[in-house]
Amino acid sequence: MERTLIADLKNNIGKEVRIRGRVDTVRDQGKIAFMIVRDRTGYVQCVAWIGNSEEILNKVKSTTLESIVDITGTVKEAKQVAAGYELEILGINVDSVSASPLPIVIEEEHSDNVSALDMRLDYRWIDLRSKKNNLMMSVATSMTAGLRDFCLRNDFKEIQAPRIISAASESGANVFEVKYFDRKAYLAQSPQFHKQMAMAADLERVFNVGPVFRAEKSFTTRHLTEYTSFDVEMAYIDSYKEVCHFEQEMIKSMLKDVKEKYGEDIKNVFGVEVIVPDGDFPYLTMKEAKEKLASKGVPSKEEGDFSPEEERAICEITKEETGCEFLFVIDYPYKNRAFYHMRNNENKDLALGYDLFWKGVEITTGAQREHRYEILKENAKERGLSEESLKDYLEYFKYGCPPHGGFAIGTERLLMKLLELNSVLETTYLPNTPNRLGKLINKN
RNA sequence: GGAGUGGUAGCUCAAUUGGUUAGAGCAUCUCACUGUCACUGAGAAGGUUGCGGGUUCGAGUCCCGUCCAUUCCGCCA
């Protein structure tokens, strides 16, 4: 018999079906027993009693929680059950027995017995079984699909920039070195140089979704050594504001998709209202933002950048003033930005770039890039970067390259903010951090 | 890399100023129960208090070292 998904049982009342799934709960009542089974589509109560088959009843009673079962039975109306129907078991086979007790508690609504995060990550495959995490993975999928769809609808091409590269793409200090046959190579910190190569290759509009690697010993709730970067680059722009606008529309479109599909579930499970903003996200220059922060008495550590405290505060202020959860901050000092950002022609000390903040956290850095070969070389030189180390990159601009700009979003951070979770460790399938590689390291 | 907090049963947490047999809830196991639905009731088992050293008549508790976790900062997406 073919498997019927649990969500389809309601359309099979009176029929004999086969379900496959995991044992969620067993309630042993002596001569009658209930087994709640779940699959990816939902939960169903299965019932066995002594009058039918003592053998089946005993099997139901003795099956450990979280075992994998294969059950045939009749779907029967049952007014006592919330769902209105249940499955009367005719046959049960245990495909895989789960040891018990489990090393962690699977998070559920009615229990505040939630295992510590690092324990949950050690047993991530069990942790992910929770209703909450299952929904999170669905939302993550929908979120990335929403961003991707928007790019595709706008005539973008998808590229896969190499993850193993011969020279560091950003500063060079925080790269992972790997052995590449008899020479050194590096894990890409960003697809930045290669998506710019696509501009010189006349692909005009590209996006790249994939892992990037940062050898930074950051111990925060928003940093990973490996994370997924959703990168976008677009040519023939007149201003970085076009990049901002594109990103804004992309995020709005994604939020709309996610809300349509999972808005209700997100509200029920995470207690978060997904808000699709109307109109444009507000802009503040760095100077304006600093003035607002000063007027609220928020201490400023550095002139051209925010501390995390300032990020949280400026988002709150913006939310109060405009009602918008998002904020573009522009006019950063060029010295605080990457060398490839274009400088403002009217004020060489400013970069033509932006950061996008959402609910108190930076989710994006974007900019118009410097596409003029000679100026780019000068800017690199001014930073003390050797022309030799950037040779391959600089060549992309030597044979003609259109004006362009782009941005990158850390998807783990985006999901963290979307579901208002506390840490990117929670929103990553299997997070790598300085002290955690795969399951665990450095532990006794 | 810096600062703070923590590590006690499978999990989540208690344990008074340093005091005698380290407790509870959940999970597990046994028994009872033919309609449970966070099942219920009775019982059982479960501990080198992260590790190493020290102070003390006595250490889960105080001190030193160490490992791990976590939060914040720095760095960033």
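Only this structure's heavy atoms are used, side chains among them; waters, hydrogens and symmetry mates stay out. Throughout, protein chains are lettered first and strands after them, A, B, ... in sequence-line order, and every chain is numbered starting at 1.
- Applying the ring pair (Phe, Tyr, Trp, His ring centres under 6.0 Å) criterion to A/Phe357, with sequence neighbours excluded, gives A/Phe306.
- The separation of B/A14 from B/A77, taken at their C1' atoms, amounts to 41 Å, rounded to a whole angstrom.
- Here side chain to side chain donor-acceptor pair (under 3.5 Å) pairs that include residues 139-153 of chain A, with residues two or more places apart or in two chains, are A/Arg148-A/Glu158, A/Arg153-A/Ser253.
- Proximity of A/Lys301 to the phosphate of B/G74: a side-chain N or O atom is located under 4.0 Å from OP1 or OP2.
- Contact annotation: A/Thr365 reaches the phosphate of B/A77 (side-chain N/O to OP1 or OP2, under 4.0 Å).
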Expected list for residues 416-423 of chain A: side-chain donor-acceptor pairs under 3.5 angstrom, two or more places apart:
residue  : atom : partner  : partner atom : Å
A/Lys417 : NZ   : A/Lys359 : O            : 3.1
A/Glu420 : OE2  : A/Lys359 : NZ           : 3.0
A/Ser423 : OG   : A/Leu425 : N            : 3.0

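- Among the nucleotides B/G35, B/U70, B/A77, the one closest to the side chain of A/Arg413 is B/A77.
- Side-chain N/O atoms of A/Arg222 include one lying less than 4.0 angstrom from OP1 or OP2 on B/C73.
- The residue A/Phe219 sits close to a base: some heavy atom pair falls under 4.0 Å.
- Counting any heavy atom pair closer than 4.0 Å across all strands shown, A/Val114 reaches sugar-phosphate atoms only and no base atom.
- When heavy atoms are screened at a 4.0 angstrom cut-off, A/Glu66 is found touching no nucleic acid atom at all.
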List every contact pair, protein side and nucleotides 41-47 of chain B side both N or O, where the distance is under 3.5 Å.
none

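- Of the listed nucleotides (B/G1, B/C73, B/G35), B/G35 has the atom at the smallest distance from the side chain of A/Ile32.
- You can call A/Tyr227 stacked on the base of B/A77; the centres are under 5.5 Å apart and the planes sit within 30°.
- Separation of atoms CG (A/Asp118) and OG1 (A/Thr433) is listed at 10.0 Å; rounding is to 0.5 Å.
- For B/G47 and B/A9, the P atoms lie 10 Å apart once the distance is rounded to whole Å.
- Salt-bridge annotation for A/Asp355 and A/Arg337: present, with a side-chain N of the basic residue lying under 4.0 Å from a carboxylate O of the acidic one.
- Contacts of A/Glu311 with the nucleic acid, taken as non-hydrogen atoms under 4.0 Å apart, include base atoms.
- The nucleotide whose nearest atom lies closest to any side-chain atom of A/Met119 is, among B/C11, B/A69, B/C75, B/C11.
- A heavy atom lying under 4.0 Å from RNA chain B marks none of the residues of residues 10-18 of chain A.
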Identify each atom pair where a protein N or O and an N or O of nucleotides 26-33 of chain B are less than 3.5 Å apart, giving names and distance.
residue : atom : partner : partner atom : Å
B/C33   : N3   : A/Asp28 : O            : 3.3
B/C33   : N4   : A/Asp28 : O            : 3.2
B/C33   : N4   : A/Asp28 : OD1          : 3.3
B/C33   : N4   : A/Gly30 : N            : 3.4

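- At the heavy-atom level, A/Ser307 lies under 4.0 Å from the strands shown only through sugar-phosphate atoms.
- Comparing B/U71 with B/A24, their C1' atoms are spaced 28 Å from each other, to the whole Å.
- Atom CZ of residue A/Arg38 and atom CD1 of residue A/Ile6 lie 9.5 Å apart, to the nearest 0.5 angstrom.
- Remark: A/Lys132 pairs with A/Glu107 by the side chain to side chain donor-acceptor pair (under 3.5 Å) rule, at least two apart or across chains.
- In this structure, A/Ala116 reaches the sugar-phosphate backbone alone: every heavy-atom distance under 4.0 Å involves primed, P, OP1 or OP2 atoms, never a base.
- Both tests do not hold together for A/Lys267 against A/Tyr262: distance to the six-membered ring centre under 6.0 Å, angle to the ring axis within 45°.
- Annotation: B/G19 and B/A59 have their C1' atoms spaced 10 Å apart (nearest Å).
- A/Tyr429 and A/Arg124 form no side-chain donor-acceptor contact under 3.5 Å, judged by distance and modelled atom types alone.
- Residue A/Thr221 is classed as a sugar-phosphate contact, given heavy-atom separations below 4.0 Å to backbone atoms only.
- Within 6.0 Å of atom NZ in A/Lys259, more than 12 heavy atoms from other residues, nucleotides or ligands are found, so the atom counts as buried in its surroundings.
- The closest donor-acceptor contact from the side chain of A/Arg343 to the backbone of A/Ala351 lies at 3.5 Å or more, if one exists at all.
- Pairs of residues two or more places apart, or lying in two chains, that qualify as side chain to side chain donor-acceptor pair (under 3.5 Å) and include a residue from residues 6-21 of chain A are A/Arg18-A/Asp70, A/Arg20-A/Asp95.
- Taking a 4.0 Å limit (strictly below) on heavy-atom distances, residues 138-152 of chain A does not reach RNA chain B anywhere.
- Under the rule for a side chain to side chain donor-acceptor pair (under 3.5 Å), the partners of A/Glu247 that lie at least two apart in sequence or sit in another chain are A/Tyr354, A/Thr364.
- Within the cation-pi definition used here (under 6.0 Å to the ring centroid, within 45° of the axis), A/Arg214 does not qualify as a partner of A/Phe176.
- As judged by a 4.0 angstrom heavy-atom cut-off over every strand, A/Ser229 is placed among residues making no nucleic acid contact.
- Counting only residues at least two apart or on different chains, the salt bridge (charged side-chain N to carboxylate O under 4.0 Å, His left out) pairs with a member in residues 308-318 of chain A are A/Lys290-A/Glu310.
- Atom P of B/A45 sits at a distance of 16 Å from the matching atom of B/G10, rounded to the whole Å.
- Distance noted for atom P between B/U30 and B/U66: 47 Å (whole Å).
- For A/Gln160, the CD atom counts as densely surrounded, since its 6.0 Å shell holds more than 12 non-hydrogen atoms of other residues, nucleotides or ligands.
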Dot-bracket encoding per residue of RNA chain B, Watson-Crick/G-U cut-off under 3.5 Å, | denoting interstrand: (((((((..((((.....[...)))).(((((.......))))).....(((((..]....))))))))))))....
